[in-house]
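Okay, so here's the structure we're looking at.
Fair warning: this is a prediction, and the values are worked out from it, not measured in the lab.
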Amino acid sequence: MTKYLLLKHYRGGPQPATGEDIPMDQWDPQEVTDHIGFMGHLAASLREQGEFVSAQALSPDGTFVRFGGEGKAPVTDGPFAETKDLVAGWMCIDVESRERAHEVAAVLSSAPGAGSRPLYEWIEVRAFLDNPPEIDG
Amino acid sequence: MSALDGAVKELGPRVLGVLVRRGVDFASAEDAVQEALVAAHQHWQEQLPDDPFAWLVTAAWRRHLDAVRSGTARRRREIADSVDPGPGPVTGTDETLLLLFLACHPTLSGPSAVALTLRAVGGLTTRQIASAYLVPEATMAQRITRAKRTLSRERLTVPGELGDVLRVLYLMYNEGHTGEVDLAHEAIRLTRQLAAATSEPEVAGLLALMLLHHARRPARWTAEGALVGLAEQDRSRWDTTLVAEGIEILQAALSRDRLGEFQAQAAIAALHADAPGARETDWPQILEWYDELLRLAPTPVVELNRAVAVGEVDGPMAGLAAVAAVPETVPRHTAVRAYLHERAGDHVLAQHLYAAAARAAASEAERDHLTRQAARLHTLTASP
């Protein structure tokens with residue numbers, strides 16, 4: 001089993017996805033409810049199959065911070081709200097193969113959006129680094 | 001629940017309180033109680049003792065003395081001088097109170113005090129507390145250990161103020177219920193214990209506030225897990241038993257004529273509970289209570305809530321004028337402006353503000369709720 005992080009971006013991916021351009025607050029209220037319901041249902045079914053680890057949504061206000069030097073305050077840049085590529089949230093799954101991870105990411109990307117059409121949102125799939133195997137010789 | 005599980009939850013904290021009262025430092029006392037509970041597990045399988053509490057006190061005290069004599073505990077950490085147990089029966093109530101005041105000591109941060117209170121007074125396991133906070137068990141164990149260490153440096157004979165205890169219990173209530181343990185439920189249980197042991201009206205006020213808020217919980221969420229605003233809640237789903245109990249406790253507290261912020265907050269909750277529907281709410285009286293609350297606890301959060309009441313009594317423009325005086329950094333500031341602008345008829349501005357409030361929301365449930373409000377107004381303004 002390998003753990004994979006499925007990352008949702010506010011803006012990101014090779015090219016803009018269709019449907020992504022309409023912000024959620026301009027959908028029909030029922031579409032908002034359906035979208036959230038879909039996410040909850042997906043998490044529940046992954047839990048059912050023994051593949052769910054965790055899911056977390058993040059605030060869009062991100063700040064970049066770095067060491068400011070000995071005895072100095074940290075250096076910050078931001079906050080930016082949706083101006084740069086920021087992670088919107090993640091889902092962590094523990095699955096048997098990369099193919100299965102891609103399958104789950106595709107389902108996540110099919111979440112309904114405006115007009116009840118799939119969002120076709122790009123999901124970044126990243127494998128966790130694992131424990132080193134025992135090597136003989 | 002087995003007899004032993006029951007003992008861990010109910011008797012463990014009381015026994016711990018007895019040892020602390022006898023001058024044993026917090027961490028050593030807990031070690032001794034844990035060992036006594038393990039011994040109980042071995043000895044109680046066949047038959048429960050006549051007085052399990054006395055049995056545990058004796059067992060824990062012996063183990064503490066053993067530890068002191070062997071000197072190992074002394075080497076591990078500094079132990080307060082052990083004093084001989086005083087004569088007379090042990091009731092347990094005083095000990096629980098003493099523990100509560102120690103665990104809610106103002107030298108601890110709020111979250112640390114909540115964790116320690118759940119462990120030492122609530123009798124919850126570290127694993128249960130960790131699951132409630134969604135952190136690894138080792139992390140929570142360390143947080144509790146550090147809190148105990150901080151307390152060991154304090155003069156344990158000087159407990160904190162009652163106000164500190166009430167703030168920690170209210171914080172616990174508002175931590176919600178994400179894990180297997182319902183922290184709101186635990187907070188009510190502990191506040192009930194405190195209320196049974198003291199006649200301070202503010203303790204009753206806090207208990208009434210918790211009960212009145214808890215009564216709304218069945219109506220606060222849809223079956224799909226979406227948040228429902230107070231005005232939209234199906235009031236027939238409010239727990240009338242809790243409402244009645246909360247109001248009765250509040251009235252008894254108010255009759256003592258020593259008003260405090262929790263009584264004032266409970267009075268506001270009681271006025272909402274009294275209204276058969278949102279339209280029947282007695283907003284003028286609620287506004288009076290907010291004026292009183294602002295006098296007792298002048299915080300920006302109270303000011304913002306008061307602005308909502310002003311909007312209901314004197315109209316949305318008056319409400320917006322009141323909001324303008326509240327710092328914008330207060331949570332829900334934008335959401336309240338959105339609500340008042342919608343009531344004033346400016347749907348486009350309200351939609352924009354709801355969307356902004358959703359981006360600034362601190363919880364998923366609020367974010368989704370505010371997004372829905374924005375979407376509702378967008379649909380309203382977009383359609384001809």
Side-chain angles (χ1 to χ4, degrees), chain A residues 3 8-11 19-45 47 52-63 78-92 108 111-117 119 121, chain B residues 130-131 133-136 139 178-180 221-229 232 328-329 331-335 337-339 341-342 347-384:
Chain A
K3 291 197 179 66
K8 273 172 72 92
H9 294 260
Y10 277 107
R11 269 147 217 254
E20 232 188 332
D21 38 356
I22 305 170
M24 207 170 175
D25 51 66
Q26 293 173 19
W27 301 358
D28 186 86
Q30 189 55 46
E31 292 163 2
V32 176
T33 300
D34 291 347
H35 178 83
I36 295 161
F38 179 93
M39 291 300 183
H41 180 77
L42 175 59
S45 72
R47 200 173 279 121
F52 182 85
V53 179
S54 66
Q56 186 60 56
L58 299 170
S59 153
D61 288 332
T63 306
F80 327 95
E82 299 184 64
T83 50
K84 297 196 179 182
D85 175 26
L86 284 170
V87 176
W90 72 74
M91 184 178 273
C92 178
L108 192 57
S116 300
R117 292 181 301 272
L119 272 181
E121 194 178 21
Chain B
S131 95
Y133 278 91
L134 304 176
V135 299
T139 302
T178 39
E180 62 174 282
W221 305 92
T222 65
E224 293 79 34
L227 199 58
V228 185
E232 286 79 39
E328 281 183 25
T329 48
R332 290 183 58 243
H333 192 279
T334 309
R337 283 180 61 215
Y339 171 74
H341 276 295
E342 182 186 351
H347 290 179
V348 174
L349 179 56
Q351 195 266 335
H352 171 77
L353 288 169
Y354 271 128
R359 284 192 294 274
S363 71
E364 257 186 278
E366 283 169 289
R367 183 195 65 184
D368 295 344
H369 177 70
L370 292 164
T371 303
R372 267 192 214 94
Q373 299 295 325
R376 177 178 55 79
L377 286 183
H378 183 263
T379 309
L380 210 64
T381 48
S383 55

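In this structure, B:His369 and B:Val228 have side chains that are not in contact, with every pair of non-hydrogen atoms separated by 4.5 Å or more.
Side-chain atoms of A:Trp27 never come within 3.5 Å of backbone atoms of A:Thr33 as a donor-acceptor pair (strictly under, hydrogens ignored).
Neither the backbone nor the side chain of B:Glu224 comes within contact range of chain A, judged by heavy atoms closer than 4.5 Å. Residue contact with chain A, scored on non-hydrogen atoms closer than 4.5 Å, is absent for B:Gln373. For B:Ala355, the parts sitting under 4.5 Å from any heavy atom of chain A are the backbone and the side chain alike.
Between A:Val87 and A:Leu58, the shortest heavy-atom distance links the atoms O-CD1, 3.7 Å.
Applying side-chain contact (heavy atoms from CB on, under 4.5 Å) to B:Gln351 and the options B:Glu342, B:His341, B:Arg376, B:His378 leaves one that passes, B:His378.
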